[in-house]
There are 2 protein chains.
Amino acid sequence: MNHVASRVQRTSNSGLDKLFQTAKADQIIFSAGYPDANLFPQKALAQAAATTFTTSSQNLLQYKNSLGLASLREKLVARTADKDNIKTDATHVMLTQGAQQGIDLAARLILNENDGLIVEGPTYIGALAAFQAYEPTFYEVPIEADGMNVEILEKILKQHNIKMIYTVPDFQNPTGAVMSLAKRQRVLELANEYDVVILEDGTYRDLRYSGESLPTIKSFDTQGRVIYVSSFSKIIAPSLRLGWLTAEDHLFKDLLNLKSAADIESSNLTMSILNEYLEENELDDHIEILKNNYREKKNAMIQAMKAYMPRNAKFTDPQGGFFIWLTMPTGFDMDRFSDQQLINTNVRFTPSTNLYPSGSIKNGARINFTGESISNIKLGIQKLGEALSQAWQDQTVNV
Amino acid sequence: MNHVASRVQRTSNSGLDKLFQTAKADQIIFSAGYPDANLFPQKALAQAAATTFTTSSQNLLQYKNSLGLASLREKLVARTADKDNIKTDATHVMLTQGAQQGIDLAARLILNENDGLIVEGPTYIGALAAFQAYEPTFYEVPIEADGMNVEILEKILKQHNIKMIYTVPDFQNPTGAVMSLAKRQRVLELANEYDVVILEDGTYRDLRYSGESLPTIKSFDTQGRVIYVSSFSKIIAPSLRLGWLTAEDHLFKDLLNLKSAADIESSNLTMSILNEYLEENELDDHIEILKNNYREKKNAMIQAMKAYMPRNAKFTDPQGGFFIWLTMPTGFDMDRFSDQQLINTNVRFTPSTNLYPSGSIKNGARINFTGESISNIKLGIQKLGEALSQAWQDQTVNV
């Protein structure tokens, strides 16, 4: 018997599960988007949890509502006005299970089967997994150093019926690219012209290690067509499972209904702990610690890549975020290389295949630099670089 | 512009959001499925949280995996073997955001647009909201005192192409009905014969106030066609947002992929706190306290209903769970009554319309007896009973 829906075939090979597989001993993990566990504010969160439990009524543990804790939403309104130039109010902010659920809900809101969806190529693997459950027709717009290619974007919008564009303008997952100001404005202009919704993912936006911050696409949105999602996973801790989204009324109300149908609401307990943490601590001070640490790690990885990567490998040097994008010459199969080398090197990374809906680009890889220690970064990149050189020389993994 | 997917029209009128609206002062809430907040083990959970924070490594706050905390899954395996006669193992148990997400994932797994889905009439409002996002064709099987009418079930299975049956065999939401042993076996037999998946919702199963427990449908399942979902929301606290599901391999693997696409994983923090709570406390002792309290409340409500409900009102006297089902004669419109009387009585309940996918039955109501105090139960039922008598006499809300 085969009972499953057609969407399942598409989601079952997303590769997302592999990213969060429990690591074997001695493995070096560049594959997942892990923050550095040593930097989690565990003591401060423990204190916030203790305060929350002792100062709250028994209603702390009761059902609340699908929007989430009001005082936390108010803090988000103030913060997003300050950091992202987004003007909203607490009745248009919703807490979600990480940005991942925000992406899932936006897709659920907008996409019928076979609807046109534009994504960057490559893009965030988890977003593809979420989108695939709604069975859209994917269109890829190539990423350049300053964000997606807007000429190709326009061409696709002209030729096809598109409902939504998904973009990560800041420290794009997986390339680390930052979309230029001109392109941010152009993408919105095109969305207005072709009457398309933009799903803007700002998950990495707060983690800039050099250069100047640019305004969000949402900040230019005068027609209410941008759904903005973000997360506390990278700036505080993933296991809170708290992200948030904001959108204008005509989309937000339905997003809220879809949230309550999906899981009623997020945890009032974790929202209360986070809210208390934000009252007792200065989030920007914590982010500054993260930035200093991650900048150092990124530099260490770039230095190691310069030393150990084969000459025909290219890699990005991002201004922020979590990832470096590595490219070998066309013909090199990163999937096969990954499977082969893992046995010898114990270094895990994410091959590019699963980061394109078409699965067509095989010579790229996403390398995370935040999760491992600097010594592991050096060791892992050396091993990886040597294995890549060897594989290229042996021509064992070319297609 | 109207960008939203066709599913949104169906979910936007579920009525689910109304249930969890913040109560106004002095309102008596019989509408939502609130546990009694005074019985939440808040001190024990505070202690468990403190222990969790102090004894865990920094990995407490990191990403883990989509299954959820291993030691908690092992506890669930032991408990479900003992209480539900379900034999499973820790690699086939998954933590979810309440049972609600389990229902959503099962629907996502099985249902293509227009696929046949059988639900009990009336059924759980949140399940309907989750299902509607996948746009199935609904078939209603009427609920009787001993569970769904299996003759009508068979007739529907014979006549239509059905993919899934959703049932709450224990203390059905909203009628409180318990499915008889014979019917449990018959439902499974029919599912086997017609090759249909059963989604069994055991959310209220632990809360039996009289009579003997019956085996789950899942316990008879030899073909791996039952997905079993349950929750900690009613027996510990909703704001943990922790439920769980179990299914056989051929369904479970895809459910896991869908979970990771939906929100990556549940909160390792809340799972760890719950796990620690279960190590430091005897869950069955706590459930005993709940049962004694809820039995008393249920009896108080039944007594008040006998005293104050109009003679032509019928109501169930459930052996467990959270709800009493009230029926007025055909022609009485509970929606209109609810809107009218709320201004005068300040008593909220759930009219039947949203509990049938067809929306056709208007003379029923779901009344929760666990959330309010006994004095509010008496007061609220008196007000409701008097308002019902008046409305019936005035014939103001008849259709």
From [X] [atom1] over to [Y] [atom2], what is the distance, rounded to the nearest 0.5 angstrom?
X: A:Phe53; Y: B:Gln47; atom1: CZ; atom2: CD; answer: 10.5 Å
X: B:Leu269; Y: A:Ile273; atom1: CG; atom2: CD1; answer: 5.5 Å
X: B:Asn257; Y: A:Arg7; atom1: CG; atom2: CZ; answer: 13.5 Å
X: B:Leu240; Y: A:Asn268; atom1: CG; atom2: CG; answer: 11.0 Å

Minimum heavy-atom separation for [X] to [Y], with atom names?
X: B:Ala130; Y: A:Ala261; value: CB-O, 3.5 Å
X: B:Val8; Y: A:Leu109; value: CG2-O, 3.4 Å
X: B:Ser239; Y: A:Ser267; value: O-OG, 2.6 Å
X: B:Tyr63; Y: A:Gly33; value: CE1-O, 3.5 Å
X: A:Asn112; Y: B:Ala5; value: OD1-CB, 3.5 Å
X: B:Gln100; Y: A:Asp263; value: CG-CA, 3.6 Å

Given that the side chain runs from C-beta out, which part of [X] has a heavy atom under 4.5 Å from chain A: side chain, backbone, both or neither?
X: B:Ile110; result: both
X: B:Ala107; result: backbone
X: B:Ser57; result: backbone
X: B:Leu45; result: both

### Task
Could you tell me which portion of A:Ser266 (side chain, backbone, both or neither) has an atom closer than 4.5 angstrom to a non-hydrogen atom of chain B?
backbone

### Summary
Under 4.5 Å to a heavy atom of chain B? For A:Leu60 that would be both

### Task
In sequence, state the C-alpha distance, the side-chain angles, and the governing distance for A:Asp104 and B:Arg108, and then conclude on salt bridge (charged side-chain N to carboxylate O under 4.0 Å, His left out).
CA-CA 12 Å; A:Asp104 178 62; B:Arg108 198 185 287 217; 3.1 Å; yes

Below 4.5 Å, heavy atoms only, C-beta onward: do [X] and [Y] meet side chain to side chain?
X: B:Gln62; Y: A:Pro35; result: yes
X: B:Ile264; Y: A:Arg241; result: yes
X: A:Gln97; Y: B:Glu265; result: no
X: B:Gln42; Y: A:Ser56; result: yes
X: B:Gln58; Y: A:Asp36; result: no

#### Entry: Contact leader toward chain B among A:Gly98, A:Ala49, A:Ala262, where contacts are heavy-atom pairs under 4.5 Å
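Greatest number of close heavy-atom pairs with chain B: A:Ala262.
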
### B:Met164 backbone acceptor or donor facing A:His3 side chain under 3.5 Å
no

### Qualifying residue, where the test is side chain to side chain contact (heavy atoms under 4.5 Å, CB included) with B:Val4 and the options are A:Leu251, A:Leu258, A:Leu255
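Per the side chain to side chain contact (heavy atoms under 4.5 Å, CB included) rule, the option paired with B:Val4 is A:Leu251, out of A:Leu251, A:Leu258, A:Leu255.
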
### Query
Out of B:Leu111, B:Val196, B:Asp115, which one racks up the most heavy-atom pairs below 4.5 Å with chain A?
B:Leu111

